Amino acid sequence: MPEVPELNIVGITLQKKFKGQKFKRIEILWKKRVKASEEEFNEALQGSTLKSVDRNGKELHLHFDNGNVLGIHMMLTGKMILLPTDLSLRNPIFELTFDNGSGIIVLDGMGQAKPILNPEVPPIPDIMGDDFTEEYLAKVLSKTSIKVKDAIQRQDWIRGIGNAYADEILWHCKISPFSASKNIPQDKVKDLYNSIRTVTRDATEELAKLKTNDDVFVMENNDHRFVHNPKRKTSPEGEPIQSAKMGNTKAYYTESQVQY
DNA sequence: TAGAATGTTACAGG
DNA sequence: CCCTGTAACATTCT
């Protein structure tokens, strides 16, 4: 469910709450998508202390002081709740607890969210990383004729853009989501690059301001989004927001976005 | 109430 | 083998 801005905040919150805590155990409650066994997780993390939490693409990485990493991918509809809790816990995927009794539980009705033991970090630029440059983006777009909205969401080319922020970014730089990637002129590739950086940074800042229920991590918040937001009928400039099915998802955009 | 949902993967066809 | 488009996944929410 979450994209990069949300994951940034969740990662900061996890680190704040659990840094320095000693791992107790992980329980795998729905193993459909989980590759390593419960025993493998527990053996690897046994006796270690949480050192730091960061985000890598659409995963959160919990770094433990014995060198092992617990990755978490929330997929499309995952939820994360602090333990202990009185909330109803339907469709649990896994539970992570620390020696002091604190911890988290990850839920997902679709059974797709998952913990990953020592996740691979592919050599593909993350949208907030130094290696994601305008030149790199230009190279990616020049080699494909698929629609630009699909291209920027390809995690094997650029890591970190999902459906909602793809719409926000393309609206921000006034490029139609239906544009053929290789047809986008150089100056608009520059605008797109700047919008990827700006929209991601601004959304992270907006989310950081939210006052939230302390027990439930915010994985989804429409309010700060300008076009990918079913509650809005018009953009801030007053333009009607259009929507269209694109593949198996929906694109939100306005007429002033130019199709190349 | 049927369809959509901040995602990924397998597979078919060109 | 590379590129592209489509559907499945299984449940909740609107």
Side-chain angles (χ1 to χ4, degrees), chain A residues 1-11 29-35 55-60 71-81 87-93 106-116 119-120 122 124 126-128 139-172 177-183 196 199-200 202-204 206-207 210 216-232 241-253:
Chain A
M1 216 127 159
E3 289 190 39
V4 163
E6 289 77 10
L7 289 172
N8 286 336
I9 302 299
V10 173
L29 301 158
W30 191 351
K31 55 183 66 169
K32 185 171 70 162
R33 300 285 170 120
V34 183
K35 295 234 175 82
R55 178 195 58 75
N56 203 291
K58 294 183 186 176
E59 292 173 1
L60 290 170
I72 301 177
H73 200 311
M74 302 301 285
M75 296 294 283
L76 191 53
T77 56
K79 294 176 176 60
M80 186 183 289
I81 293 174
L87 296 168
S88 109
L89 302 175
R90 300 168 63 142
N91 309 301
I93 305 287
V106 169
L107 316 169
D108 183 5
M110 291 177 71
Q112 297 187 131
K114 61 190 174 185
I116 307 150
E120 277 178 52
I124 294 162
D126 179 285
I127 51 169
M128 295 191 86
K139 199 176 77 188
V140 164
L141 297 179
S142 68
K143 72 182 182 194
T144 182
S145 58
I146 65 171
K147 298 181 185 76
V148 65
K149 182 175 173 185
D150 290 329
I152 61 176
Q153 287 185 86
R154 288 276 302 249
Q155 302 302 300
D156 52 347
W157 293 346
I158 303 165
R159 294 185 307 136
I161 301 175
N163 190 35
Y165 287 105
D167 284 342
E168 294 298 305
I169 288 162
L170 291 167
W171 171 76
H172 189 263
F178 305 108
S179 299
S181 299
K182 60 164 73 151
N183 293 348
I196 290 171
V199 167
T200 305
D202 289 356
T204 301
E206 286 304 310
L207 288 163
L210 282 182
V216 184
F217 291 88
V218 175
M219 297 295 172
E220 178 174 357
N221 185 284
N222 288 331
D223 299 342
H224 64 283
R225 296 205 312 257
F226 297 111
V227 288
H228 192 103
N229 183 342
K231 285 183 211 154
R232 280 186 177 270
I241 295 169
Q242 327 263 342
S243 70
K245 214 168 149 341
M246 235 183 103
N248 60 356
T249 57
K250 207 174 198 180
Y252 293 84
Y253 58 98

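Naming convention: chains lettered A, B, ... in sequence-line order (proteins, then strands); numbering from 1 in each chain. These numbers were taken from a predicted model, which means no experiment stands behind them.
Taking 4.5 Å as the limit, some side-chain heavy atom of A/Lys231 sits within range of a side-chain heavy atom of A/Asp223. Inter-residue side-chain proximity for A/Gln155 and A/Ile124 is flagged as unmet; no heavy-atom pair is nearer than 4.5 Å. Side chains of A/Ile152 and A/Leu170 form a contact here, defined as non-hydrogen atoms less than 4.5 Å apart. Proximity of A/Pro177 to A/Tyr252: side-chain heavy atoms (C-beta onward) are nowhere separated by under 4.5 Å. Between A/Met128 and A/Asn8, the closest side-chain pair of non-hydrogen atoms falls below 4.5 Å.
OP1 or OP2 of B/dT6 has not a single side-chain nitrogen or oxygen of A/Tyr252 nearer than 4.0 Å. For the pair A/Lys32 and C/dC9, the criterion of a side-chain N or O lying under 4.0 Å from OP1 or OP2 is not met. Dashed line: the shortest gap from a side-chain N or O of A/Lys58 to OP1 or OP2 of B/dT8 is under 4.0 Å. A sub-4.0 Å separation between OP1 or OP2 of B/dT6 and a side-chain N or O of A/His228 is present.
Rounded to whole Å, the C1' atom of C/dT12 lies 22 Å from the corresponding atom of B/dT9. When the P atom is used for both C/dG5 and B/dT6, the distance is 22 Å, rounded to whole Å. C/dT6 and B/dA4 have their P atoms separated by 15 Å, with the value rounded to a whole Å. For the P atom pair drawn from C/dA8 and B/dG3, the interatomic distance equals 14 Å after rounding to whole Å.
Taking for each of A/Val4 and A/Lys114 the nucleotide of DNA chain B with the nearest heavy atom, the 5'-most of the two is the partner of A/Val4.
For A/Lys35, there are no salt bridge (charged side-chain N to carboxylate O under 4.0 Å, His left out) partners, not counting sequence neighbours. Residues satisfying the salt bridge (charged side-chain N to carboxylate O under 4.0 Å, His left out) test with A/Arg55, not counting sequence neighbours, are A/Asp126.
Note that CG of A/Leu60 and CE of A/Met74 are 8.0 Å apart. Values are rounded to the nearest 0.5 Å. Interatomic distance, CZ of A/Arg159 versus NZ of A/Lys58, reported as 11.0 Å (0.5 Å rounding). Residue A/Ile127 holds its CD1 atom at 5.0 Å from CD1 of A/Ile161, rounded to the nearest 0.5 Å.
A/Ile72 places its CD1 atom 17 Å from the P atom of B/dG7, with the value rounded to the nearest Å. In this structure, the CD1 atom of A/Ile127 is 12 Å from the C1' atom of B/dT6, given to the nearest Å. For the pair A/Leu76 CG and B/dG3 C1', the interatomic distance rounds to 14 Å; values are reported in whole Å. Atom NZ of A/Lys35 is separated from atom P of B/dT8 by 13 Å (rounded to the nearest Å).
Of the listed nucleotides (B/dA5, C/dC9, B/dT6), C/dC9 has the atom at the smallest distance from the side chain of A/Arg33. For A/Met75, taking side-chain heavy atoms from C-beta onward, the closest of the listed nucleotides B/dA5, C/dA10, B/dT8 is B/dT8. When each of C/dT11, B/dT6, C/dC9 is scored by its nearest atom to the side-chain atoms of A/Trp30, the top-ranked nucleotide is C/dT11. Closest approach to the A/Trp157 side chain among B/dG7, C/dT4, C/dA10 is made by C/dT4 (side chain taken as heavy atoms from C-beta onward). Nearest to the side-chain atoms of A/Asn248 among the listed nucleotides C/dA7, B/dA5, B/dT6 stands C/dA7.
Applying a 4.0 Å cut-off to non-hydrogen atoms, the residues of residues 139-156 of chain A that approach DNA chain B are A/Gln155, listed by residue number.
A/Lys114 and A/Asp108 are not joined by a salt bridge, as no carboxylate oxygen comes within less than 4.0 angstrom of a charged side-chain nitrogen.
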- Verify side chain to side chain contact (heavy atoms under 4.5 Å, CB included) between A/Asn163 and A/Gln153, making sure each step is shown before the conclusion. CA-CA 7 Å; A/Asn163 190 35; A/Gln153 287 185 86; 3.7 Å; yes
- Verdict with reasoning, A/Phe178 to A/Met246, per side chain to side chain contact (heavy atoms under 4.5 Å, CB included): CA-CA 9 Å; A/Phe178 305 108; A/Met246 235 183 103; 3.8 Å; yes
Using a cut-off of under 3.5 Å, enumerate the N/O to N/O pairs linking the protein to nucleotides 12-14 of chain C.
unit_1: C/dT12; atom_1: OP1; unit_2: A/Arg90; atom_2: NE; d: 3.2
unit_1: C/dT12; atom_1: OP1; unit_2: A/Arg90; atom_2: NH2; d: 2.9
unit_1: C/dT12; atom_1: OP1; unit_2: A/Asn91; atom_2: ND2; d: 3.2

Give each protein N/O atom lying under 3.5 Å from an N/O atom of nucleotides 11-14 of chain B, with the pair distance.
none

- Note on the structure: Note, DNA chain C 5' to 3' with Watson-Crick or G-U pairs under 3.5 Å encoded as ( ), [ ], | and . gives .||||||||.||||
